[in-house]
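Before any comments, here is the structure.
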Amino acid sequence: MASKLTPRGTDYSKWYNELVAQADLAQHSDVKGCMVIKPYGFAIWERMQSVLDGMFKETGHVNAYFPLFIPKSYLSKEAAHVEGFAKECAVVTHYRLMNDPNGNGVVVDPSAKLEEELVVRPTSETIIWNTYKDWIQSYRDLPLLINQWANVVRWEMRTRLFLRTAEFLWQEGHTAHETKEEAVEEARRMLDVYANFAEGWMAMPVVKGVKSVNERFAGAEDTYCIEAMMQDGKALQAGTSHFLGQNFARAFDVKFATRDGGQELVWATSWGVSTRLMGALIMTHSDDAGLVLPPKLAPIEVVLVPIYKGEDQMAEIVAALKSIADDLKAAGIRVKLDDDDTKRSGWKFAEYELKGVPVRLAMGPRDLAGGTIEVARRDTKEKSYVPSEGIVAHVQSLLAEIQDNLLARAAARTTETTSVVDTWDDFIAALDRGGFVSAHWDGTSETEDLIKKETKATIRCIPLDGDTTPGQCIRTGAPSAQRVLFARAY
RNA sequence: CGGGAUAUAGCGCAGCCCGGUAGCGCGCUUCGUUCGGGACGAAGAGGCCGCAGGUUCGAAUCCUGCUAUCCCGACCA
């Protein structure tokens with residue numbers, strides 16, 4: 001806890017791992033690739049969940065819950081889908097343990113083999129569409145707008161806390177619609193929800209776009225995404241929203257009676273964001289002193305720290321801070337008064353900086369005498385002394401300013417690191433500098449693969465509001481309809 | 001799945017080459033002094049040295065096998 005973080009400039013990856021551990025966000029568990037999300041980290045995720053859940057409900061969705069286990073046969077009903085996920089599925093084959101005849105604890109009971117293996121869901125399209133089949137009879141049952149909060153398992157070769165873990169928490173929306181247009185509109189609507197959340201709450205600028213065929217979700221007709229740029233110049237896919245066409249309806253035979261009495265396959269979407277957003281949040285704002293949280297998602301927006309000598313002074317100052325804390329709470333601000341006498345104020349300052357608390361208020365004897373309070377903001381590390389009278393209004397506007405500043409700072413960085421290039425040499429140079437690279441591409445998977453192989457860069461997305469001036473492919477010189485965004489990515 | 005490394009107290013590590021009954025820092029407990037940026041002193045508690053074999057009078061240390069984790073790649077939200 002007392003050790004300093006490796007600076008970002010020295011080893012970004014190391015900095016990230018140390019930050020996650022030291023800020024008490026998560027730790028590795030004894031199970032490979034799986035993490036324990038610690039209370040402070042989970043509190044941030046709970047804030048994200050609660051805000052997103054509200055946004056989903058505002059857009060007409062309801063929550064439900066589907067099983068963790070999926071019969072193996074379901075997974076293979078949609079060809080592209082199983083192709084995409086088969087390599088990373090955990091499979092349950094037995095349902096009972098027994099005492100080891102040799103006395104070494106318990107072993108799998110070989111007589112308890114399942115007739116059909118169960119796959120631990122890597123995503124829930126199949127089990128959900130198999131259920132929707134029974135729920136949807138008529139156009140009157142549509143649209144069906146359901147979300148679930150769940151854990152999923154993808155047996156990844158290589159994992160990183162929050163960014164890629166074998167088990168992760170997420171939400172997955174699964175909707176059914178009467179027409180293609182409605183489904184596309186839904187997928188786009190949820191993409192907007194994600195983008196609004198990213199920018200409005202996480203203070204993380206994102207580019208909205210559509211994935212190339214190579215990067216598309218297994219079983220989708222179109223994958224929309226939000227892409228964010230991290231401080232080290234690598235891109236991170238922060239959320240996806242898929243237009244699934246009629247693929248799953250066809251695979252699970254989900255038909256509805258149309259308004260004119262016919263039978264038609266329903267149109268589908270699915271969309272999700274995961275605990276990966278925690279990684280995005282960390283890598284967007286944090287610095288060498290630790291985590292930096294946007295006020296809107298901080299479990300603690302303001303921490304109050306007393307500075308004192310002796311018990312009498314402590315009592316006096318804590319009482320004054322308590323009164324301020326109550327006023328802040330009454331104004332709807334999440335506060336913590338840290339009157340723990342076993343830790344010194346200097347230790348607390350460092351600790352709350354590490355944990356990214358946006359605003360720190362400290363009061364010592366001089367403040368008490370002079371009617372002031374020390375206000376320190378985490379984003380710029382600036383400190384000032386302000387009158388304790390009217391502190392609530394001051395803090396409110398400061399929190400808003402910090403929220404805005406974080407977004408502006410991240411947006412400036414994203415813009416500054418984005419390159420627009422027209423030659424292969426410039427393209428390589430831009431990739432090496434880091435950031436998004438806006439360039440022309442001939443639209444073929446072959447060229448995309450080639451570029452990936454040669455540069456490790458992928459097409460992050462074809463921006464929805466991008467530059468649609470035609471040009472020539474950066475690699476092949478073939479005609480290109482519009483610029484796309486390349487980057488090296490997580 | 002390839003390459004590299006590691007496994008010793010809650011955490012971070014030393015000890016291993018050269019075998020002799022386990023040590024340091026942080027943290028933890030108690031007491032005292034401190035307190036405007038990670039305090040100081042004193043006294044304590046805490047370890048099947050990853051697991052299983054082998055060599056030896058004796059293994060954290062040498063040998064064999066296994067397991068797990070981390071990092072770097074290929075694959076992915």
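Labels below follow one simple rule: chain letters A, B, ... track the order of the sequence lines, proteins then strands, and each chain is numbered from 1. Treat the numbers as computed from the prediction; the structure is a model and nothing was measured. When reading the values below, keep in mind they use all heavy atoms of this one structure, side chains included, and skip hydrogens, waters and symmetry mates.
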>> Would Asp232(A) and Tyr490(A) count as a side chain to side chain donor-acceptor pair (under 3.5 Å) here? Give the steps.
In response: CA-CA 11 Å; Asp232(A) 63 343; Tyr490(A) 276 97; 2.6 Å; yes
> Could you go step by step and tell me if Thr123(A) and Arg121(A) meet the side chain to side chain donor-acceptor pair (under 3.5 Å) rule?
Replying inline: CA-CA 5 Å; Thr123(A) 178; Arg121(A) 62 184 165 212; over 6 Å; no
> Hey, mind stepping through Asp192(A) and Tyr224(A) against side chain to side chain donor-acceptor pair (under 3.5 Å) and telling me if it holds?
Replying inline: CA-CA 10 Å; Asp192(A) 287 342; Tyr224(A) 298 97; over 6 Å; no
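Counting any heavy atom pair closer than 4.0 Å across all strands shown, Thr240(A) reaches no nucleic acid atom. The residue Phe168(A) sits close to a base: some heavy atom pair falls under 4.0 Å. When heavy atoms are screened at a 4.0 angstrom cut-off, Thr123(A) is found touching no nucleic acid atom at all. Lys456(A) comes within 4.0 angstrom of sugar-phosphate atoms only, judged by non-hydrogen atoms across all strands, and of no base. Here Thr342(A) lies out of heavy-atom contact (under 4.0 Å) with every strand. Residue contacts for Phe85(A): at a heavy-atom cut-off of 4.0 Å it reaches no nucleic acid atom on any strand shown.
Picking from C76(B), G37(B), G36(B) the nucleotide with the shortest atom distance to the side chain of Ala350(A) gives G37(B). With G37(B), G36(B), G38(B) as the candidates, the nucleotide lying closest to the side chain of Lys383(A) is G37(B). The Arg154(A) side chain lies nearest to A77(B) when the options are G37(B), C71(B), A77(B). Distance from the side chain of Arg276(A) is smallest to A77(B) among G36(B), C75(B), A77(B).
OP1 or OP2 of A39(B) has at least one side-chain nitrogen or oxygen of Arg344(A) nearer than 4.0 Å.
C48(B) and A42(B) have their P atoms separated by 29 Å, with the value rounded to a whole Å.
Look at CZ on Arg160(A): it is 16 Å from C1' on C75(B), rounded to the nearest Å. Rounded to whole Å, atom P of A74(B) lies 14 Å from atom CG of Asp449(A). For the pair Lys309(A) NZ and C35(B) P, the interatomic distance rounds to 5 Å; values are reported in whole Å. The separation between Glu353(A) atom CD and G38(B) atom C1' is 10 Å, rounded to whole Å. Rounded to an integer number of Å, the gap from Tyr352(A) OH to G36(B) C1' is 17 Å. Atom CG of Asp338(A) and atom C1' of G38(B) are 14 Å apart (whole Å). A straight line from CG of Leu163(A) to P of C76(B) spans 17 Å, rounded to a whole angstrom. Following rounding to the nearest Å, Lys211(A) (NZ) and C76(B) (P) show an atom-to-atom distance of 11 Å.
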> Dot-bracket for RNA chain B, 5' to 3', counting Watson-Crick or G-U wobble pairs under 3.5 Å, with [ ] for crossing pairs and | for inter-strand pairs?
Replying inline: ((((((((.[[[[.)....(..]]]].((((((.....)))))).....[[[[[..)....]]]]])))))))....
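Figure legend: cation-pi geometry between Arg276(A) and Phe168(A) absent, as NZ or CZ is not positioned both under 6.0 Å from the six-membered ring centre and within 45° of its axis.
Arg154(A) places a side-chain N or O within donor-acceptor distance of the main-chain N or O of Pro122(A), the cut-off being under 3.5 Å.
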Provide a list of protein-nucleic acid N or O atom pairs under 3.5 angstrom, restricted to nucleotides 68-70 of chain B.
{"from": "U69(B)", "atom 1": "OP1", "to": "Lys32(A)", "atom 2": "N", "distance (Å)": "2.6"}
{"from": "C70(B)", "atom 1": "OP1", "to": "His28(A)", "atom 2": "ND1", "distance (Å)": "2.9"}

Could you go through nucleotides 2-11 of chain B and list every protein N or O atom that sits under 3.5 Å from one of its N or O atoms, giving the distance for each pair?
none

